[in-house]
Amino acid sequence: MFWRARSTSGKAICLSDQFPGIKVEEVMRGQVTFVGLPPVELGTGEIDWTANPHGNRSWALNLHTLRWMGRLVGAYEQGGDRACLDRAADITTQWLRANPRGGAGVSPWAWAEHAVALRAPVLVCLSEHVRTPALWDSLAEHGEVLADPALYREGHNHGLDQDIALLVVGCRLGRARWRDLAVRRMTGSAERAIDAQGVLHEQAPRYGLYVHRRLGVALRAIRESGTEPPERLLARRRALETYVAHATQPDGRLVPIGDSPADTRADGFPHEGPTVRVFDGGYVFGRTAWDDPHSAYYSIRFGPGRRLHGHEDHLGITYAAQGRRILVEAGFHSYERTGYVDWTRSPEAHNVPIPTTGTFRPGTPTHLLSSSITPATQSFTLTDDAYGIRRTRHIVINHGTDWLAVHDTADSGTLRATFHLDPSLKLLSRGDGAVVLGDDTGFRVTLLHFPGEGESIRPGLVSTGYLRTAENITVLSPEAQSVLTVIVPQDGRCGPMACGERRRCPSLASVQKDGLELAKYFGRIRQ
């Protein structure tokens, strides 16, 4: 069927160092570990390619990408252990025999477009050392699938992986038209997916990080194919670095917006210039200083309605100060189809104002009406009609003395503002419109509400990483047409000072007094 593929061959561009790390000895004895789940025994005989022992979508995808097999090829190239290559060849032979495209009983993950895109480069690596008609035919079939415009995910991270795969398959089989198509597509796709400011339209900083890394792989593959990457492609990758840098919190982890796990690190991205940046694609990121783990930090969401890996988080805010996370979101748990995962994408899982009347309309855009940015204070006004009534949020962040003020209004009816607190913060007291939380180091956070009565405190559950959760506290503001919430962090270092003095910690009464002053200030800036 693909006899022409056997007649010519070109360079094998093998990027095996980009495959996920595995324990070679585990795979050699028939064991695999994917996505942090417990190891699974596949055995050293016939592999059951329909297996999904954890009932996990990501696990099933990883099985069929064969990237775990690709590391065996890398191990052979590095150490010369023929057993690793023989095992890789055997796994591939089994997969090819058991998973004909369109065959009865074949797992739906076998020929899913992303599995094809991630598996094809593995087969190219193996083809450097193993040349069988079945492998060569499969490379050609993978290329046909990758080149099919009906299966292409333009402007999506899957599409980028398809482009990388088509490029290396085209080079291996001597199909210059496939290589050229891949470069054209990835350039146009990058310009669709990444705007001029660097915002990735998939609406999750973690995918900005993923696309940046994969573009690095793409550029390397283009150069190894004997040509130079288009400047347009290079420019979009450089722009993406700015977005990822600003979306990185002072502790080096990405802010968990959209499908971004809360423990994802993004160290090393170049950054300079302003500490506050408004991205037209729907983000505000601000901090008091770069390269300071104790810097205050916040994020604000607005812009186009939810798409791809985004959540219904518009008007949402996260906040950290004095080296502590304060306002967090439910974040990303997994791609499983559960009630909890559905909830993590809902407005209720984010720090947003929720009207008590009206029906939520998914995908509604939010507009940034105004912004004012100075080194000490920033303010932003946002609005939308996601519930059929207009809700407006005015946010003021003070970096002189850390505090955050949020004023929410509805043009009719009432609303309640939802605030999800970091799991490290426990309830210490409540009353007179004040909710005080703290941790075991003495750090305190006070939420002041105006009007001052009627707040609600509920137990919550937020995601701390893939398939991980932690209990937290969620505070709902009093119900009113207009609600002001002032959040005041207090450093709890109240022990003996160097000269025998003691530092006085502010009392609740003094914090409430300061809150009233902030309310007056807020009233003035609203005029």
Side-chain angles (χ1 to χ4, degrees), residues 1-16 18-19 47 49 61 63-70 72-74 85 88-154 158-186 189 214 217-218 220-222 224-227:
M1 181 177 179
F2 297 104
W3 65 270
R4 288 186 61 203
R6 301 182 201 168
S7 62
T8 60
S9 64
K11 182 177 182 180
I13 301 175
C14 181
L15 309 174
S16 62
Q18 298 298 317
F19 300 153
I47 295 172
W49 296 101
L61 171 67
L63 178 68
H64 285 276
T65 66
L66 297 186
R67 281 153 66 88
W68 49 281
M69 176 276 288
L72 296 181
V73 178
L85 182 62
D90 178 58
I91 290 169
T92 303
T93 298
Q94 288 193 44
W95 190 92
L96 296 177
R97 183 173 60 243
N99 294 283
R101 188 174 180 221
V106 172
S107 167
W109 293 101
W111 289 92
E113 41 86 12
H114 205 201
V116 173
L118 296 175
R119 183 172 58 243
V122 180
L123 301 182
V124 169
C125 288
L126 182 64
S127 75
E128 180 79 352
H129 311 285
V130 175
R131 293 175 67 92
T132 67
L135 177 58
W136 229 246
D137 283 351
S138 186
L139 278 173
E141 186 170 22
H142 277 69
E144 296 288 352
V145 171
L146 292 163
D148 187 344
L151 301 176
Y152 181 55
R153 299 290 303 277
E154 183 181 6
H158 290 194
L160 175 57
D161 287 330
Q162 289 173 309
D163 294 334
I164 295 170
L166 183 61
L167 189 153
V168 299
V169 170
C171 288
R172 186 61 175 139
L173 298 182
R175 306 278 185 91
R177 63 182 181 85
W178 279 356
R179 179 202 63 195
D180 296 343
L181 172 62
V183 176
R184 287 197 308 272
R185 289 198 317 192
M186 72 173 65
S189 193
R214 296 301 287 168
V217 174
R220 176 178 158 191
I222 292 172
E224 289 197 23
S225 75
T227 188

Indicate yes or no: at least one non-hydrogen side-chain atom of Arg119 is less than 4.5 angstrom from one of Trp95.
yes

As an exercise, state the distance from CG of Leu160 to CD of Glu154, rounded to the nearest 0.5 Å.
12.5 Å

Atom pairs and distances, donor-acceptor, side-chain atoms in residues 105-118, under 3.5 Å, two or more places apart:
residue	atom	partner	partner atom	Å
Ser107	OG	Trp109	N	3.1
Trp111	NE1	Asn99	O	2.9
Glu113	OE1	His158	ND1	3.4
Glu113	OE2	Arg153	NH1	3.0
Glu113	OE2	His158	ND1	2.9
His114	ND1	His158	NE2	3.2
His114	NE2	Asp161	OD2	2.7

Without swapping roles, check the side chain of Ser225 against the backbone of Ile222 for a donor-acceptor pair under 3.5 Å.
yes

Scanning both residues in full, the closest heavy-atom pair of Leu15 with Ala221 reads CD1-CB, 4.2 Å

What distance separates Met186 CE from Leu181 CG, expressed to the nearest 0.5 Å?
9.5 Å

Within a strict 4.5 Å, meaning less than it, do heavy atoms of the Phe19 and Val73 side chains meet?
no

If every non-hydrogen atom of Ser127 is compared with every non-hydrogen atom of Leu135, which pair is closest and at what distance?
CA-CD2, 3.8 Å

Minimum heavy-atom separation for Trp49 to Ile91, with atom names?
CZ2-O, 3.8 Å

Output all residues satisfying disulfide (SG to SG under 2.5 Å) with Cys171, sequence neighbours left out; order by chain, then residue number.
none

Would you please name every residue forming a salt bridge (Lys or Arg N to Asp or Glu O under 4.0 Å) with Asp148, sequence neighbours left out?
none

With sequence neighbours left out, what residues match Ala176 under side-chain contact (heavy atoms from CB on, under 4.5 Å)?
Arg179

Straight-line distance of Gln162 CD to His142 NE2, nearest 0.5 Å:
12.0 Å

Quick one: does Thr65's side chain get under 4.5 Å of Val122's, heavy atoms only?
no

Between Trp178 and Leu173, which heavy-atom pair has the shortest distance, and what is it?
CZ3-CD1, 4.0 Å

Would you say the side-chain atoms of Glu224 pair up with the backbone N or O of Ile13, donor to acceptor, closer than 3.5 Å?
no

Mind listing the closest non-hydrogen atom pair of Ser138 and Leu96 along with its distance?
OG-CD2, 3.2 Å

Quick one, Arg172 and Val169 - any side-chain contact, counting heavy atoms below 4.5 Å?
no

Please list, chain by chain and in numerical order, all residues satisfying salt bridge (Lys or Arg N to Asp or Glu O under 4.0 Å) with Arg97, sequence neighbours excluded.
Glu46

Going by salt bridge (Lys or Arg N to Asp or Glu O under 4.0 Å), name the residues that satisfy it together with Arg185, two or more places apart in sequence or in a different chain.
Asp163

Distance from Gln94 atom CD to Asp90 atom CG, nearest 0.5 Å?
4.5 Å

Please report the closest heavy-atom contact between Ala89 and Val130, naming both atoms and the distance.
CB-CG2, 4.2 Å

If I take atom CG from residue Leu72 and atom CG from residue Leu66, how far apart are they, to the nearest 0.5 angstrom?
10.5 Å

